[in-house]
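Notes for the one structure printed next.
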Amino acid sequence: MLIACAGGPSISRLVQYPPPLEIDLVDGVYVLVDDGEPAAWRYEFIAAPPA
């Protein structure tokens, strides 16, 4: 599946179905927002707190 991303370093992520609920990155995490049909799913980026 190709899932759009809101924020963060990517505009989309390619993942296998079922998509992971979270994708950890060095500077934050993408969290899956799976409301509605799969075509409308997206990842929202949550930045890591400053060190």
Side-chain angles (χ1 to χ4, degrees):
M1 303 180 73
L2 188 60
I3 299 180
C5 295
S10 301
I11 60 171
S12 62
R13 301 288 299 207
L14 183 61
V15 295
Q16 290 187 345
Y17 188 86
L21 298 178
E22 296 181 350
I23 299 175
D24 290 319
L25 301 176
V26 173
D27 55 347
V29 63
Y30 279 114
V31 177
L32 181 66
V33 179
D34 57 355
D35 295 333
E37 296 293 320
W41 292 355
R42 67 187 183 284
Y43 281 110
E44 290 194 8
F45 185 74
I46 300 172

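All values below were derived from every heavy atom in this structure, side-chain atoms included, with hydrogens, water molecules and symmetry-related copies excluded.
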**Fill in**
d(Tyr43 OH, Ile3 CD1) to nearest 0.5 Å is 4.5 Å
Which pairs of donor and acceptor atoms, one on a side chain in residues 14-40, lie under 3.5 Å apart (sequence neighbours left out)?
| unit_1 | atom_1 | unit_2 | atom_2 | d |
| --- | --- | --- | --- | --- |
| Tyr30 | OH | Gly7 | O | 3.2 |
| Tyr30 | OH | Ser10 | N | 3.0 |

Listing, residues 44-51 side-chain donor-acceptor contacts under 3.5 Å, not counting sequence neighbours, or none:
| unit_1 | atom_1 | unit_2 | atom_2 | d |
| --- | --- | --- | --- | --- |
| Glu44 | OE2 | Arg42 | NE | 3.1 |
| Glu44 | OE2 | Arg42 | NH2 | 2.8 |

